[in-house]
Amino acid sequence: MLVITVIISDVSHYITSCDPISVRNVIAAIDPSLVRLAIAARVDDRLVDLSYIIDHDVKVYIIAEKDKESLEIIRHSSAHLLAHAVKQLYPTTQLAIGPVIDNGFYYDFAVKNPFMPEDLRRIQMRMEELASQDILIERLVIQRDEAVDLFHNLGEEYKVRIINDISGNENISLYRQADFIDLCRGPHVPTTGKLKAFRLMKLAGAYWRGDSRNDMLQRIYGTAWIDLRSLESYLYRLEESEKRDHRKVGKALDLFHFQEEAPGMVFWHDHGWRVYIEIQNYIRHLLRENGYQEVHTPQIMSRSLWERSGHWEKFHKYMFTTASENRDYAVKPMNCPCHIQVYNQRLHSYRELPLRLSEFGSCHRNEPSGTLHGLMRVRNFVQDDAHIFCTEDQIQSEVSRFMDLLFQIYNDFNFNEVQLVLSTRPEQRVGSNAVWDKAEKSLELALNQRGLPWQLKPGEGAFYGPKIEFVLRDCLERLWQCGTIQIDFSMPSRLDACYVAEDGSKRIPVMLHRAILGSIERFIGILIEQYAAGLPVWLAPVQVVVLNITEQQAGYAVKVEKFLIQRGFRAESDLRNEKISFKIRVHTLQRVPYMLIIGDREIKTETIAIRSRAGKDLGVMNIQAFVQLLQSDVARRGRTG
RNA sequence: GCCCAUAUAGCUCAGUCGGUAGAGCACAUCCUUGGUAAGGAUGAGGUCACCAGUUCAAAUCUGGUUAUGGGCUCCA
């Protein structure tokens with residue numbers, strides 16, 4: 001006699017059965033009308049299909065459509081439905097893989113003729129047809145050799161390769177819906193009718209197993225949801241985030257542009273450059289306060305230096321080069337070799353360490369054309385870059401100091417969610433194990449001192465040393481790796497950096513590469529999207545615009561504008577012969593934080609009327625009071641509350 | 001770099017079957033002096049990304065190049 005505890009929506013039911021019994025029948029025994037709401041079940045911490053046969057006493061959690069776990073199953077089944085439709089429409093297609101991803105799924109196909117956008121519409125329609133047929137989805141378990149034969153006979157060579165890669169001798173599970181069979185661990189929805197809200201989104205090329213040496217497959221991305229409402233709201237969210245795309249905003253707010261003659265390199269316009277300068281100066285002052293020396297080094301250096309540093313061998317494909325008087329040069333892709341040149345200009349005592357050199361150096365990397373993406377991935381960028389020369393014993397305290405500064409800065413930008421990742425020694429590396437032990441330990445201690453959770457990525461460190469990466473989460477839940485601190489055991493010795501130790505011996509310093517914002521270009525891109533173009537007052541390209549109602553007030557408006565500029569604010573006036581509502585609209589769309597409206601009333605009382613870009617009337621005040629308001633905004637930076 | 005798509009006025013976009021281009025906004029001039037998200041009139045503005053080819057004729061069809069977009073790979 002089996003005793004089964006069935007949990008449906010947190011309510012327990014008890015079922016007994018003499019024989020093994022399927023999950024579906026267990027539910028039917030409680031209430032037959034519940035069967036059609038069920039998607040799958042969890043038995044012994046394993047997700048299973050409704051057809052799963054229970055043969056011992058267990059607790060069964062039923063997963064209904066409304067449960068969180070159902071979404072992943074629906075997406076996975078949608079991927080199968082996609083493959084089913086593709087096989088029907090294009091029978092010679094070979095299937096590769098079709099996993100679930102954030103918000104949806106994809107499936108990779110090997111096809112002779114790549115899919116066209118019209119194909120996507122056909123496939124979507126066929127999927128809808130197959131869904132409406134409410135086809136039963138069955139799980140089959142067969143032996144490994146049988147499975148290999150089956151897929152071989154079906155011409156599915158990628159599936160054969162996948163089976164051969166599944167370790168162990170376990171049997172192989174397959175799923176069948178009508179004439180379509182796919183290799184899959186499952187579980188799946190019981191019938192295709194459960195798939196009610198999916199949309200094919202885009203086509204892409206993708207390499208088999210993600211390796212660029214392998215075949216290029218055709219990938220179809222789709223999104224799938226529990227119901228049409230969730231699908232619609234997802235599509236709406238996508239539209240909304242497209243609106244804050246920094247490339248669109250950059251054009252609309254006249255911040256920067258790109259053009260064909262300089263791919264991946266930014267032309268900053270006045271308003272964009274104001275933001276850039278503001279951020280740079282903010283960082284510059286903080287670095288100085290924190291014991292960094294700012295330097296500035298050449299843009300171009302002889303190839304021989306890059307050969308000595310090791311960059312030439314590893315990265316010359318991605319370096320811009322030039323020549324003069326029979327010498328080859330390279331445009332710098334990073335600042336560190338230059339900083340070692342500055343360091344090496346004299347002999348250093350251990351007493352001077354740690355020595356911190358910072359630079360807003362313009363770096364060029366000839367990134368592959370396909371990787372360029374607005375401000376987010378460029379060929380010419382400036383980092384808030386610095387290198388710390390120190391002893392091994394100083395690593396931990398330097399990393400801690402760095403993190404203090406980093407969190408202060410992130411908070412000023414209102415990025416309060418930061419993920420920390422420690423990447424440790426890769427297989428190919430320089431330096432002794434003892435040195436790596438010590439370095440990794442220092443980073444770990446510094447992380448633990450913070451008391452924040454962090455993630456370990458073994459083997460992901462650079463060849464020259466371990467590193468910590470700081471990943472920001474923006475308001476659209478996207479992750480951006482910005483900050484980093486990397487320990488380098490290699491370059492100081494390659495480029496002959498040394499210091500005199502307490503005992504008079506010459507030693508090689510450790511170098512820490514570190515950045516907090518990363519590329520300033522990219523960081524501005526992130527900020528634009530985070531704030532949906534409405535940058536906080538301290539960063540806004542125009543903080544205040546003064547608007548006159550009629551030309552009678554033009555003189556007073558200009559006086560107010562000048563007054564604000566003299567006090568260091570970015571103010572403009574708009575004296576155009578337009579109605580006040582027109583000007584308000586224009587500057588609201590330009591996301592100017594404050595609009596000062598000047599009419600005869602204001603002149604008479606020597607005040608200004610203030611409206612925010614959010615459309616709020618902030619009332620009438622005198623200009624000194626407004627200056628105080630601005631000052632407190634600027635001082636608060638991005639911090640809220 | 002690889003796969004697919006796209007490229008028309010400063011911007012956003014129409015342009016059917018191949019017959020040398022259109023709208024809205026922006027811009028200029030004039031009228032209007034209006035109190036919190038678009039007042040009106042007139043005007044100027046384009047070698048249809050670039051280079052070839054097919055054709056009596058190409059924005060439109062074909063090939064190539066470049067850039068951009070979505071992915072993949074990469075990211076010192």
Side-chain angles (χ1 to χ4, degrees), chain A residues 101 106 108 111 113-120 201-221 242 245 247-248 251-252 254 257-264 306 309-319 332-337 363 365-374 376-379 381 383 462-465 467 481 484 486 488 490-491 513 518-519 522 547-554 576-590 595-602 609-618 620:
Chain A
I101 51 172
Y106 68 78
D108 283 349
V111 278
N113 303 315
F115 294 123
M116 300 291 165
E118 307 89 74
D119 296 317
L120 222 55
M201 302 295 285
K202 52 199 174 190
L203 284 168
Y207 299 107
W208 166 244
R209 297 219 159 110
D211 189 325
S212 58
R213 289 166 300 190
N214 290 342
D215 308 340
M216 173 65 67
L217 305 171
Q218 294 297 311
R219 177 171 297 178
I220 297 179
Y221 283 94
E242 255 170 54
D245 187 313
R247 292 164 300 190
K248 276 192 182 161
K251 229 180 238 176
D254 196 19
H257 85 270
F258 288 92
Q259 68 185 49
E260 217 170 309
E261 289 80 357
W306 300 107
S309 74
H311 290 97
W312 187 260
E313 193 195 354
K314 243 181 126 82
F315 296 109
H316 72 272
K317 255 172 52 192
Y318 302 111
M319 288 162 78
K332 71 175 166 189
M334 50 176 8
N335 301 306
C336 36
C363 296
R365 295 180 184 179
N366 198 358
E367 304 284 1
S369 55
T371 62
L372 302 179
H373 178 94
M376 303 306 196
R377 188 79 184 268
V378 288
R379 286 187 173 147
F381 57 89
Q383 287 177 290
F463 73 92
Y464 50 72
K467 62 181 174 186
Q481 195 244 296
T484 183
Q486 314 185 351
D488 188 341
S490 163
M491 213 180 299
H513 305 247
S519 142
R522 197 178 66 127
L547 311 176
N548 57 332
I549 286 177
T550 70
E551 60 190 47
Q552 311 304 319
Q553 303 95 28
R576 285 181 295 176
N577 176 13
E578 296 288 353
K579 289 192 169 184
I580 193 68
S581 51
F582 174 88
K583 296 192 206 177
I584 284 174
R585 177 181 155 80
V586 168
H587 298 287
T588 304
L589 292 173
Q590 286 291 307
M595 281 158 269
L596 308 188
I597 289 126
I598 313 263
D600 287 336
R601 289 204 294 268
E602 284 72 26
I610 302 165
R611 179 184 162 113
S612 77
R613 63 183 159 198
K616 219 165 128 193
D617 182 356
L618 301 179
V620 174

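Lettering follows sequence order; numbering is per chain, from 1. All values below were derived from every heavy atom in this structure, side-chain atoms included, with hydrogens, water molecules and symmetry-related copies excluded.
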What does A:Q383 touch in the nucleic acid at a heavy-atom separation under 4.0 angstrom: a base, only the sugar-phosphate, or nothing?
-> nothing
In whole angstroms, the gap separating P of B:U12 from CG of A:L589 amounts to 16 Å
B:G10 and B:G71, which share atom name P, separated by this distance in whole Å = 29 Å
With rounding to whole Å, what would you report as the distance between B:G64 and B:U6 at their P atoms?
-> 15 Å
Whole-Å gap separating P (B:G39) and CD1 (A:I584) | 11 Å
Rounded interatomic separation in angstrom, taking CZ from A:R576 and P from B:C30 | 16 Å
Sugar-phosphate only, base, or nothing, as touched by A:I580 at under 4.0 Å among non-hydrogen atoms | sugar-phosphate
Have a look at A:D617 and say if it touches a base, only the backbone sugar-phosphate, or nothing, with a 4.0 Å heavy-atom cut-off.
-> nothing
In short, A:Y207 meets A:N214 closest at the heavy-atom pair CD2-O, 3.7 Å
Excluding sequence neighbours, so at least two apart, what forms salt bridge (charged side-chain N to carboxylate O under 4.0 Å, His left out) with A:R209?
-> A:D165
Would you mind reading off the distance between A:E578 atom CD and B:A37 atom C1', rounded to a whole angstrom?
-> 13 Å
Atom NZ of A:K579 to atom C1' of B:G39: distance rounded to whole Å?
-> 4 Å
Between B:C4 and B:A9 - P atom distance, rounded Å | 27 Å
Quick one: label A:T588 by what it contacts on the DNA or RNA (base, sugar-phosphate, nothing), any heavy atom closer than 4.0 Å.
-> base
Return the value, rounded to whole Å, for the distance between atom CG of A:N113 and atom C1' of B:C3.
-> 13 Å
To the nearest angstrom, the CG-P distance between A:N548 and B:U36 comes to 15 Å
Could you check how far NE2 of A:H587 sits from P of B:A26, rounded to whole Å?
-> 12 Å
Take nucleotides 64-76 of chain B nucleotide by nucleotide from the 5' end and write B, S or -, depending on whether a protein heavy atom sits under 4.0 Å from the base, only from the sugar-phosphate, or from neither.
-> --BSSSBBBBBBB
Any side-chain heavy atom of A:M491 sitting closer than 4.5 Å to one from A:H311?
-> yes
Quick one: on RNA chain B, does A:R613 or A:L217 contact a more 5' nucleotide (nearest heavy atom)?
-> A:L217
Determine the contact category for A:K251: base if any of its heavy atoms lies under 4.0 Å from a base atom, sugar-phosphate if only primed atoms, P, OP1 or OP2 are that close, otherwise nothing.
-> sugar-phosphate
Donor-acceptor pair, A:K583 side chain versus A:I549 backbone, under 3.5 Å?
-> no
Please check if atom CD in A:E313 has more than 12 non-hydrogen atoms from other residues, nucleotides or ligands closer than 6.0 Å.
-> no
Tell me what A:M116 touches on the nucleic acid: a base, only sugar-phosphate, or nothing, going by heavy atoms under 4.0 Å.
-> sugar-phosphate
Say you pick atom C1' in B:A7 and the same atom in B:U42; how far apart are they, in whole Å?
-> 33 Å
State the pairing partner of B:G19; accept Watson-Crick or G-U wobble contacts with both distances under 3.5 Å, and report none otherwise.
-> B:C56
